[in-house]
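Before any comments, here is the structure.
Note that the structure is a prediction, hence the values are computed from the model and not measured. Letters go in sequence order (proteins before strands), and every chain restarts at 1. Heavy atoms only: backbone and side chains are in, while hydrogens, waters and symmetry mates are out.
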Protein chains: 2
Amino acid sequence: MSKSVTLKEVAAKAGVSYQTVSKVVNNKASVSPETEKRIWGVIAELNYTPNYNGRSLRRQRSNTIGYTWEPSPADQANPILDAFLQSMFRAAEEEGYYLLCFPFHADDVRMLKVYHQLYNTGRVDGFVLSRLNYGEASVPFLLENKIPFVAFGRLDDQDQSFPYIDVDGGQGVAQAVDHLVSLGHRRIAALAWPEDSRVGNNRLEGYFRGLAKAGLMSDPNLIVRGEGTSAVGFEATTYLLGLPADIRPTAIVCMNDMMAIGAMQAIQTAGLQPGRDIGVTGFDDTPTARYLTPPLTSISQPIPAIGENLMKRLIEYLESGSYPEPRCELVAPSLEIRESTAGYVPAKGRI
Amino acid sequence: MSKSVTLKEVAAKAGVSYQTVSKVVNNKASVSPETEKRIWGVIAELNYTPNYNGRSLRRQRSNTIGYTWEPSPADQANPILDAFLQSMFRAAEEEGYYLLCFPFHADDVRMLKVYHQLYNTGRVDGFVLSRLNYGEASVPFLLENKIPFVAFGRLDDQDQSFPYIDVDGGQGVAQAVDHLVSLGHRRIAALAWPEDSRVGNNRLEGYFRGLAKAGLMSDPNLIVRGEGTSAVGFEATTYLLGLPADIRPTAIVCMNDMMAIGAMQAIQTAGLQPGRDIGVTGFDDTPTARYLTPPLTSISQPIPAIGENLMKRLIEYLESGSYPEPRCELVAPSLEIRESTAGYVPAKGRI
DNA sequence: TCTCTCTAAGCGAACGTTCGCCTTAAGAAT
DNA sequence: ATTCTTAAGGCGAACGTTCGCTTAGAGAGA
């Protein structure tokens with residue numbers, strides 16, 4: 001921190017009281033046009049900027065939003081982190097807010113302590129949460145302590161107890177199934193996440209919806225669950241390709257891009273060609289998706305808009321005391337069609 | 001911000017003056033063991049946490065470090081962002097500091113204004129810079145205004161005017177060349193960045209060093225420059241594969257993983273197999289590198305250690321007034337050998 | 001002329017700390 | 001008994017704002 005120009009110095013130079021300078025800076029009324037102009041002149045001349053801590057102390061406002069997130073394992077990139085952060089602090093800056101990033105702790109007790117500390121010391125005015133999962137401890141904690149927050153993600157389809165924006169993953173997967181069905185696929189497998197993943201279940205539910213819409217039965221043999229890694233995708237697909245010809249899937253819907261990458265590898269290893277022989281779709285639309293061989297059809301989430309809107313809503317609440325409608329919002333992802341679902345020719349008589 | 005417990009409330013309950021409570025909180029001497037214990041008791045009971053803005057105002061310290069970075073284009077992930085951020089705010093938290101993230105502006109004037117503003121308003125005590133390039137405007141600006149900062153990256157091999165940690169990219173590339181030479185490769189091409197990239201030139205210089213060490217001549221025909229995208233990698237490699245057999249490279253060293261991905265695609269498109277027919281190496285060791293077909297040999301940077309050390313050094317400077325030695329440090333990357341450089345059998349008589 | 005209203009600006013206080021100096025009392029040294 | 005030293009804690013002030021009330025003075029209406 002620098003010792004910088006203060007209100008008093010500006011006031012002295014402008015020949016007014018420092019409180020009057022404050023009024024000018026904050027656009028409060030009752031300053032004559034001439035003095036106002038003069039004061040602005042001195043402010044520009046001295047390059048005055050209001051001290052953040054003085055202001056915050058007096059206003060009881062930090063104009064700072066806290067955010068933490070679970071680090072990705074080293075072998076897995078977080079495909080949305082950069083865009084999400086950028087959209088948030090860009091929106092924040094427009095309103096004079098900034099983003100404070102702090103460490104994630106897997107231990108709930110410790111994590112809640114950090115939330116509490118940051119809010120109680122007046123470092124932040126509120127939080128953005130992301131990647132909520134079943135039994136998320138932070139949500140009830142923040143609600144109970146009346147600590148403002150918005151979330152990227154929801155806990156429960158019905159629960160409207162806190163403001164959130166979430167992606168309707170199910171709708172995205174249903175789109176993918178639709179697309180595959182329209183290409184002639186009838187036996188569509190799913191590489192899903194473990195059952196304790198809320199996001200995973202939401203996406204999988206879209207798989208069932210898509211099949212039902214096409215009048216297809218879902219086959220438990222064609223649903224394989226596992227961590228969303230490339231290795232799991234590889235093994236699961238190897239298993240699927242080994243099924244008897246009359247059960248074997250002609251397309252695989254993956255709940256994220258990593259599994260899709262593994263699936264495509266397995267398909268190639270088996271001497272087949274993704275797209276032509278077996279359709280593959282991913283989820284996330286990772287930057288690398290379009291550079292895979294063949295480029296991967298994937299489901300893309302409107303991350304920048306989500307980050308921006310979350311931030312705007314939180315700030316609106318902090319300034320006005322109430323959230324803009326809708327408090328809870330579900331946004332649609334979009335299917336990016338590429339060659340991993342192209343060129344398929346249904347074998348007649350097998351259908 | 002919440003209206004929380006203050007020093008005065010603790011003092012009232014403990015039957016001392018509030019300044020005495022402050023002494024206890026800050027471990028200043030001259031408080032008797034009994035009263036100290038009593039005061040700690042009340043602090044725990046009331047769950048007191050010192051108000052951040054009050055403290056900062058008085059101490060003229062924000063205990064906050066600012067960081068901004070250029071957003072990656074949508075089709076390109078930032079492979080190190082998550083790890084770098086995590087390592088920084090983890091190290092910061094240990095010392096009671098936090099990380100403030102703010103928007104990047106391509107316009108220098110605007111960007112410098114933001115730096116100035118954040119520091120002058122007392123929001124941050126210093127900055128971490130990254131991805132420095134030739135003519136970086138922020139460095140002279142911060143130096144001139146005596147604003148503390150440390151950098152991930154350097155501007156010039158000689159320049160020690162500011163503290164930095166940088167990866168010796170050249171050494172990494174030289175390792176890759178060494179490795180290829182040891183496999184029997186003699187004609188090694190390079191996919192390099194445009195000449196205006198400092199990091200790119202540093203890496204390319206290692207290519208020359210590696211060749212020289214092996215007693216090989218560098219051939220200008222085998223060096224192709226372009227933006228570090230997959231498309232550039234594809235085109236450049238297609239060109240290289242079209243060279244006459246006695247010039248055509250048997251291995252390609254790429255200055256980042258994206259170009260390597262494009263190169264591998266081009267090799268496969270030409271009916272060849274990366275690794276067995278043409279060796280390929282990347283740089284960054286992107287999480288996906290190990291999941292490509294074949295897995296990509298790449299150069300990995302010790303990002304977590306860099307982030308942690310940068311933050312520790314900056315904080316040490318802020319607290320003590322001087323940087324720990326060494327002020328400037330070059331760290332070595334490591335070569336992760338995978339199948340994209342395996343299985344090569346040199347054609348006899350062609351060497 | 002007197003009162004009333006309104007505008008422009010001043011002033012004291014407060015936000016929650018920390019800092020440095022002062023006071024008190026007890027015990028040691030003379 | 002007197003002075004000195006030290007430990008324990010009190011007290012005023014300051015960090016840079018903003019808030020709300022007060023005041024001075026000008027102009028209008030009676």
Spacing of Arg59(B) atom CZ relative to dT17(C) atom C1', expressed in whole Å: 9 Å
Nearest-0.5 Å distance that lies between atom CD1 in Ile65(A) and atom CG in Leu310(A): 11.0 Å
Gap between atoms CZ and P, on Arg61(A) and dG16(C) respectively (whole Å): 15 Å
Contact list for DNA chain D against residues 30-38 of chain B - heavy-atom distance below 4.0 Å: Ser30(B), Val31(B), Ser32(B), Thr35(B)
Distance test, side-chain N/O of Arg55(A) to OP1/OP2 of dT18(D), below 4.0 Å: yes
Partner residues of Tyr52(B) under the ring pair (Phe, Tyr, Trp, His ring centres under 6.0 Å) criterion, sequence neighbours left out: none
Arg123(B) CZ - dT17(D) P separation (whole Å): 14 Å
Side-chain N,O (Tyr52(A)) to OP1/OP2 (dC15(D)) below 4.0 Å: no
So which protein N/O to nucleotides 10-13 of chain C N/O distances come out below 3.5 Å?
| residue | atom | partner | partner atom | Å |
| --- | --- | --- | --- | --- |
| dG10(C) | OP2 | Ser17(A) | N | 3.0 |
| dG10(C) | OP2 | Ser17(A) | OG | 3.1 |
| dG10(C) | OP2 | Thr20(A) | OG1 | 2.6 |
| dG10(C) | O6 | Lys23(A) | NZ | 2.8 |
| dG12(C) | N7 | Gln19(A) | NE2 | 3.3 |
| dG12(C) | O6 | Gln19(A) | NE2 | 2.9 |

Side chain Ser62(B), main chain Arg123(B), donor-acceptor under 3.5 Å: yes
Rounded distance (Å) that lies between atom C1' of dG10(D) and atom NZ of Lys8(B): 14 Å
Heavy-atom donor-acceptor pair, Asn145(B) side chain to Phe141(B) backbone, under 3.5 Å: yes
Check: Tyr67(B)/Ser130(B) side-chain N/O donor and acceptor closer than 3.5 Å: yes
Side-chain donor/acceptor of Asn133(B) to backbone N/O of Arg198(B), under 3.5 Å: yes
Nearest heavy atoms of Tyr164(A) and Gly153(A), plus distance in Å: CB-O, 3.4 Å
Glu319(A) side chain to Glu316(A) backbone, donor-acceptor under 3.5 Å: no
Rounded distance (nearest 0.5 Å) linking atom CG of Leu7(B) with atom OG of Ser17(B): 9.5 Å
Atom-to-atom span, CG of Asn53(A) to P of dC15(D) - whole angstrom: 14 Å
Nearest-Å distance for atom pair NZ/C1', residues Lys28(B) and dG20(C): 10 Å
Asn120(A) backbone acceptor or donor facing Ser4(B) side chain under 3.5 Å: yes
Qualifying side chain to side chain donor-acceptor pair (under 3.5 Å) pairs with a residue from residues 320-329 of chain B, counting only residues at least two apart or across chains: Arg313(B)-Glu329(B)
Side-chain donor or acceptor of Asp125(A) paired with backbone N/O of Asn63(A) under 3.5 Å: yes
Name the pairs: protein N/O against N/O of nucleotides 23-28 of chain D, kept only if under 3.5 Å.
none

Value in whole Å for how far the P atom of dC19(C) lies from CG of Leu57(B): 12 Å
Between C1' of dG10(D) and CG of Leu7(B), the distance in whole Å: 15 Å
Out of dC15(C), dT17(D), dC15(D), whichever nucleotide has its closest atom nearest the side chain of Gln60(A): dC15(C)
Divergence of helical axes at both termini of the helix from dT1(C)-dA30(D) to dT30(C)-dA1(D) - five pairs an end, 10° steps: 60°
N/O donor-acceptor pair under 3.5 Å between Thr64(A) side chain and Leu100(A) backbone: no
Any donor-acceptor pair under 3.5 Å from Thr121(B) side chain to Gln117(B) backbone: yes
